[in-house]
Structures are given as structure tokens and as C-alpha cells.
Amino acid sequence: MADHISVSQISNYIGQDVVLKGWVYNRTDKGKLSFLLVRDGTGFIQCVAFKGDLTPELFETISHLPQESSVIITGSVREDKRAPGIPGGYEVGIKDLQVVQTADPDYPMSLKDHGPDFALDNRHLWIRMQSQWAILRIRATVMAATREWLDTNGFIEMSTPILTPAAAEGTTTLFETEYFDEGKAYLAQTGQLYNEANIFSFGKVYCFGPTFRAEKSKTRRHLTEFWMLEPEIAFCDLDGLMEVEEQMLTHIIQRVLRDRMPELKSLGRDISKLEKIVAPFPRISYDDAGKMIDELREKETDPEKKALLAFEWGMDFGAPHETAITNQFETPVFVYGYPSAVKAFYMEPWPGRPEVCKSVDLLAPEGYGEIFGGSERMSDHDLLLSRIRAQKLPEEAFKWYLELRKYGSVPHSGFGMGTERVTSWICGIEHIREAIAFPRTIKRVYP
RNA sequence: UCCUGGCUAGCUCAAUUGGCAGAGCGAGCGGCUGUUAACCGCUAGGUUCUAGGUUCAAGUCCUAGGCCAGGAGCCA
């Protein structure tokens with residue numbers, strides 16, 4: 001028997017006396033009544049103190065409790081439609097209250113809106129707010145559902161190194177650090193190359209960890225440190241990869257809808273939009289996506305937006321292009337077959353069309369853009385070697401990677417999922433920085 | 001790196017043509033038995049980002065700098 005219960009389980013205790021341990025999120029006084037909105041990590045619940053039920057000293061204490069004071073409350077649970085909270089509709093009539101610590105009354109995070117600078121400087125306190133709590137709970141469910149789907153579909157989790165010897169893709173900027181007498185080491189921007197080794201031992205694998213990008217990206221879709229899931233699958237072509245992606249994402253959405261409905265509602269998310277996210281998703285080629293953009297640009301009347309939609313075959317899609325495409329669909333949409341020139345060196349060429357590669361991006365609706373990026377990997381040793389040489393990558397560093405193509409090479413594919421991008425989309429929030437507890441951006445490493 | 005915008009009370013913001021530094025929330029005190037961003041009364045709270053400059057007078061105009069944000073590029 002636990003010595004206290006959690007708010008998330010409150011509906012099991014109607015009519016009973018319970019003990020709650022938590023923090024005063026808000027307090028409203030009304031004469032002989034004092035309403036405390038108490039959070040305990042699992043939910044938010046209204047606790048009501050009535051002067052006539054308590055000693056004068058205790059009521060005086062309760063009606064002056066500062067926001068964020070830590071408390072242990074004993075009281076009786078009852079249903080009441082008026083009661084706010086998560087799940088809401090229940091409240092606790094206070095019979096006793098023990099103050100663990102009276103919070104300093106200068107707590108800076110009022111329950112009103114805050115600007116980004118202030119909110120981020122106070123991120124260690126901001127995460128206590130209901131909106132942030134809901135987002136980060138959903139994030140945890142996204143991650144749990146991801147692992148759940150992979151683990152029940154034959155994948156095993158491999159940990160790939162964070163400290164790596166060289167640029168994996170040779171294109172992006174990496175964080176650099178000294179590594180004893182071995183020269184420079186770099187924080188990993190992907191575990192993919194290692195997972196390509198892992199599949200030859202384990203078949204289907206994934207890694208799920210932090211990844212680092214030192215690019216000076218300054219947008220609502222970028223973090224310098226984010227959590228990326230990367231499955232890699234032996235004997236899998238591009239079509240097989242898309243199937244894995246849509247099945248896994250469908251599972252994630254279903255699990256969030258099942259387990260995090262109160263959190264989604266508290267964020268004001270349009271649930272009906274999430275309920276439509278069921279595999280299969282539309283698959284369109286880069287060529288067709290380009291034509292779609294041409295048509296949309298013709299229809300666009302705003303000259304500024306029109307200019308942003310400028311497109312010619314061969315260029316990568318920017319954020320405005322992705323938004324234009326995804327606005328045509330209610331589910332995520334696959335765009336496959338990008339020009340090889342704008343993608344990484346290791347992607348398998350399209351049969352008969354060497355200028356195109358077997359790459360696929362999964363773009364989320366409502367303007368959220370790329371959430372998954374993947375490809376079928378090049379499986380021919382000599383072709384891969386020629387690409388490494390053509391891109392002037394350090395051949396020695398890729399010696400082991402090339403060897404994978406010498407000993408039992410097979411068609412294989414994999415993708416990366418941006419956890420915070422998926423979470424942002426599911427939550428319907430404006431900025432990716434709210435989808436991780438302590439965001440790292442180009443201008444922030446504090447707190 | 002480039003483009004754009006912002007910086008005034010703890011927070012969110014207002015301040016007309018250059019003319020007395022303001023409000024709401026938060027904090028403190030008091031009132032009210034059903035509050036949901038409660039309400040009502042009272043109190044405290046300011047180096048207007050920094051440094052120069054113009055002016056009788058600068059939150060406002062000029063110059064330089066700092067910080068933050070949004071977007072582009074790049075990417076998940």
C-alpha cells in the first residue's frame with residue numbers, strides 16, 4: 001500500500017480519503033474558501049480548503065501559501081464538474097495539509113504568457129507549467145511508442161558512438177573536441193554508418209540518442225542537440241523502408257492518442273487532425289513534387305511567397321516548398337527520388353537514372369515539414385568508393401565502411417526520425433525548443 | 001553568413017507631433033462559500049539595453065555597440 005496516491009489515478013478513489021504529495025501550482029481565495037491547484041508530476045488537481053473544516057491556523061497558512069510551495073495533502077476525493085485540472089472533474093476536500101517547504105514568494109514564472117528570452121532563461125522553472133509538462137509527457141510517450149514498435153517488430157537497439165573520428169557525411173558542421181593523443185574527435189551527427197555495420201550482425205537495428213549539429217541554423221525547426229531515432233534494415237529496399245516508416249509513425253500517433261489525450265486537449269490540439277494519421281501515406285516522386293510546386297507557385301498571388309517558391313529541377317526543397325506540398329495533404333507525405341547531388345554520398349542511385357537517388361523524406365502536414373529522412377544505401381563496393389573519392393572524403397576513415405560491401409553486401413535501408421520535430425507536430429506547437437526539456441540552440445547553452 | 005523586427009516595473013505590454021513614466025498580471029495587506037487568466041479596495045515596485053550626440057526638453061530623433069527573436073541557407 002503506497003503512502004500516497006498520484007493525481008493520474010484520482011478517479012479510482014472517489015469517496016475515499018487520500019494523501020497527495022505535490023506543489024501548489026495556483027491559488028485562488030474566495031472568503032472562507034481557498035482553492036489550490038496542485039500538481040504532482042502525474043496531473044493537476046483542485047484541492048479545496050473550507051475555513052469551517054480546518055483550524056484557524058491551518059486555514060490561515062493555506063490561504064497564504066505561495067505558488068510552488070511543496071505540500072502533503074490529506075483529503076477526500078469527490079467528483080465535481082467545475083473542478084479544473086488534468087484529468088479534471090475531480091477535487092479533493094482538504095482535511096489536513098503539511099507544508100514541506102514554503103516557496104519564496106518571488107517565484108518569477110507567473111501563469112501568464114512569457115516572451116521566449118525570459119521563458120528560456122527560466123527553463124528550469126518553465127518546465128513546471130502545464131503546457132510544458134504536457135508537451136514533455138507527450139515526448140516521452142513518442143519515444144516509448146517508438147521503442148515499443150521497433151522492439152515488437154524484430155529490431156534490436158544498438159548504441160552507436162557519440163564521439164566519432166570524422167564527418168560521417170562530410171557536409172555538415174560538427175562540434176569538435178580534443179581526444180587525448182589521437183587528435184580531434186567530433187560529436188556524432190548520425191549513428192547510421194555504425195548501424196550499417198550492425199545490420200550485418202543483427203539484421204534489423206536502431207539507435208536512439210542525442211545527435212549534434214553545429215550548423216548555424218536559426219529557425220523554429222532546429223536544435224543543435226536533438227534526439228534522433230535511426231533504424232537500419234538489411235534486405236530492405238526503398239519501398240520496404242516507406243512501409244516501416246508509415247507503420248511505425250501510425251503506431252506512435254495511436255499510442256499518443258490512447259495515453260495522452262488529456263495532455264493533447266490541454267494544449268488545445270485539434271485531435272481530429274491526428275486521428276486521420278493512419279498508414280498508408282501518399283508517395284510522390286521528387287519530379288511530381290516539383291511539378292506540384294510549379295502549379296502552386298502559379299496560383300500564389302503574394303509576390304513574396306511566390307519568390308520563395310521559385311524552383312527548378314535539381315535543387316533541394318526548402319521549408320516554403322515543403323510547406324506548400326504538405327498543405328495539399330492531411331497525412332504525412334513521402335517524397336522520394338531526390339537528385340543525387342543534393343543528398344548524401346552513400347545513397348543508392350535510381351536504376352537507369354543515376355542523377356536521382358533512392359532517398360525518401362517524410363513530410364508532416366500543417367507546415368511542420370520533414371520529420372523523417374532516409375534512403376536505400378549504396379551496396380556496391382566500387383561505386384561507393386568512387387563516390388567517396390569524387391566528394392574528396394578521407395578515404396582512410398571510410399575503410400571499415402567500405403569493407404561492409406566486401407563481405408556479404410545486401411540491399412539495405414534506413415532512416416532518421418527527429419524526435420522533437422515529431423513531438424512538435426503532434427503537440428501542434430510553434431517552436432521545437434519546447435519539445436525538449438533543456439534546448440540547445442545556436443544562442444543558448446543555459447540552463 | 002545574410003535579411004527583418006524587438007529591447008520601458010518581477011512578467012506581458014502602452015506612452016499621440018519630442019513635452020509630468022502608465023496599465024494589467026505577479027508580490028504584500030484587507031474583503032467575499034465555488035474560484036477557473038476570479039473579482040473589489042489599498043500598498044510597494046523604474047539606470048526606459050549600453051555609450052555618445054542633437055535639443056530648452058529624448059522612452060521617442062541621430063551614430064556606434066550589445067543582447068534576443070523570426071526568416072533564408074543547411075538539415076531530423
Side-chain angles (χ1 to χ4, degrees), chain A residues 25-37 44 46-53 59 63-64 66-68 80-85 88-89 91 93 103-122 125-126 130 169 171-174 189-192 210-230 304-305 307-308 310 315-323 342-344 361-364 368-374 415-425 430-433 435-436 441-444:
Chain A
Y25 186 64
N26 196 12
R27 198 194 75 237
T28 305
D29 297 316
K30 181 98 173 72
K32 291 173 184 161
L33 286 170
S34 188
F35 299 94
L36 303 182
L37 189 56
F44 292 70
Q46 175 162 279
C47 300
V48 187
F50 174 50
K51 197 170 188 173
D53 292 342
F59 186 78
S63 59
H64 288 84
Q67 183 187 4
E68 292 303 319
D80 192 314
K81 284 184 181 136
R82 295 169 295 185
E91 67 178 21
D104 199 311
D106 65 0
Y107 186 71
M109 299 293 289
S110 67
L111 301 181
K112 301 276 185 169
D113 291 338
H114 299 287
D117 196 24
F118 176 83
L120 289 166
D121 280 344
N122 290 281
L125 305 175
W126 188 23
Q130 194 171 92
E169 301 181 9
T171 52
T172 49
T173 320
L174 304 179
Q189 57 164 328
T190 172
Q192 178 203 319
T211 187
F212 305 90
R213 303 285 165 90
E215 288 134 353
K216 297 193 171 177
S217 297
K218 262 189 75 175
T219 82
R220 67 181 74 183
R221 296 179 304 281
H222 289 87
L223 294 167
T224 55
E225 177 183 311
F226 67 97
W227 281 65
M228 183 157 68
L229 165 79
E230 294 179 280
E304 212 167 300
K305 288 181 184 166
L308 285 171
M315 63 182 269
D316 201 0
F317 294 135
H321 302 111
E322 288 184 358
T323 302
V342 300
K343 291 289 181 182
D361 286 351
L362 184 60
L363 311 180
Y368 284 89
E370 183 175 0
I371 50 173
F372 294 10
F415 68 96
M417 174 186 90
T419 305
E420 293 78 14
R421 284 191 179 174
V422 171
T423 303
S424 298
W425 163 54
E430 285 290 312
H431 203 298
I432 195 169
R433 65 187 162 217
I436 187 167
T441 63
I442 180 172
K443 287 292 178 187
R444 272 182 199 283

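Just so you know, these numbers use all the heavy atoms, side chains as well, and skip hydrogens, waters and symmetry mates. Protein chains get the first letters and strands the later ones, always in sequence-line order, with residue 1 at the start of each.
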- Query: If you look at every strand shown and take non-hydrogen atoms under 4.0 Å, does A:Met228 touch a base, only sugar-phosphate, or nothing?
  - Reply: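 Sugar-phosphate, no base atom in range.
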- Query: Hey, does A:Pro84 reach any base, or is it just sugar-phosphate, or nothing, if we go heavy atoms under 4.0 Å?
  - Reply: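 If one applies the 4.0 Å heavy-atom cut-off, A:Pro84 turns out to touch a base.
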Which base, if any, makes a Watson-Crick or G-U wobble pair with [N], both distances under 3.5 Å?
| N | value |
| --- | --- |
| B:C74 | none |
| B:G41 | B:C29 |
| B:U4 | B:A69 |
| B:G22 | B:C13 |
| B:U63 | B:A51 |
| B:U35 | none |

Quick one: is [X] getting a side-chain N or O under 4.0 Å of the [N] phosphate, OP1 or OP2?
| X | N | result |
| --- | --- | --- |
| A:Arg433 | B:G70 | yes |
| A:His64 | B:G30 | yes |
| A:Arg27 | B:U35 | no |
| A:His431 | B:G70 | yes |
| A:Arg221 | B:A72 | yes |
| A:Lys112 | B:A37 | no |

- Message: I'd like the C1' distance from B:C67 over to B:U48, given in whole Å.
- Response: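 After rounding to an integer number of Å, I get 16 Å for this pair.
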- Item | Ion pair check, A:Arg444 and A:Asp117, cut-off under 4.0 Å |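 Judged by the 4.0 Å cut-off on N to carboxylate O distance, A:Arg444 and A:Asp117 do form a salt bridge.
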- Item | Check ion pair A:Lys343-A:Asp361 (N to O, under 4.0 angstrom) |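 A:Asp361 and A:Lys343: salt-bridged.
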Closest to the [X] side chain, choosing from [options]:
| X | options | result |
| --- | --- | --- |
| A:Arg444 | B:G34, B:C32, B:A69 | B:A69 |
| A:Leu308 | B:A72, B:A27, B:C68 | B:A72 |
| A:Glu370 | B:A69, B:C11, B:A76 | B:A76 |
| A:Ser217 | B:A69, B:C74, B:C11 | B:C74 |
| A:Ile432 | B:G28, B:G34, B:A76 | B:A76 |
| A:Lys30 | B:G34, B:A69, B:G10 | B:G34 |
| A:Lys216 | B:C74, B:U1, B:A69 | B:U1 |
| A:His222 | B:U35, B:A76, B:C11 | B:A76 |

Rounded to whole Å, how long is the line connecting atom [atom1] of [X] with atom [atom2] of [N]?
| X | N | atom1 | atom2 | result |
| --- | --- | --- | --- | --- |
| A:Lys51 | B:G30 | NZ | P | 11 Å |
| A:Ile442 | B:C67 | CD1 | C1' | 14 Å |
| A:Asp117 | B:G5 | CG | P | 19 Å |
| A:Tyr107 | B:C11 | OH | C1' | 12 Å |
| A:Gln189 | B:A76 | CD | P | 8 Å |
| A:Arg220 | B:A72 | CZ | P | 9 Å |
| A:Glu215 | B:A76 | CD | C1' | 10 Å |
| A:Phe317 | B:C75 | CZ | P | 14 Å |

- Taking for each residue the nucleotide of RNA chain B bearing the nearest heavy atom, is the 5' side occupied by A:Leu223 or by A:Ala319?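 On the 5' side of the pair lies A:Ala319.
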- Task: Take A:Pro116 and A:Ala119, find for each the nucleotide of RNA chain B with the closest heavy atom, and name the residue whose nucleotide sits nearer the 5' end.
- Result: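 The answer here is A:Ala119.
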Distance-only donor-acceptor test, [X] side-chain atoms vs [N] base atoms, 3.5 Å:
| X | N | value |
| --- | --- | --- |
| A:Lys218 | B:A69 | yes |
| A:Glu91 | B:G34 | yes |
| A:Arg421 | B:C75 | yes |

- Query: Out of A:Ile432, A:Ile371, A:Thr419, A:Ile436, which residue meets the side chain to side chain contact (heavy atoms under 4.5 Å, CB included) rule with A:Ser424?
  - Reply: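 That would be A:Ile432; it is the only one of A:Ile432, A:Ile371, A:Thr419, A:Ile436 passing the side chain to side chain contact (heavy atoms under 4.5 Å, CB included) with A:Ser424.
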- Message: Is there aromatic stacking of A:Phe372 on B:A76 here, judged by a ring-centre distance under 5.5 Å and a plane angle under 30°?
- Response: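 Taking the rule of under 5.5 Å and under 30°, the ring of A:Phe372 does not stack on B:A76.
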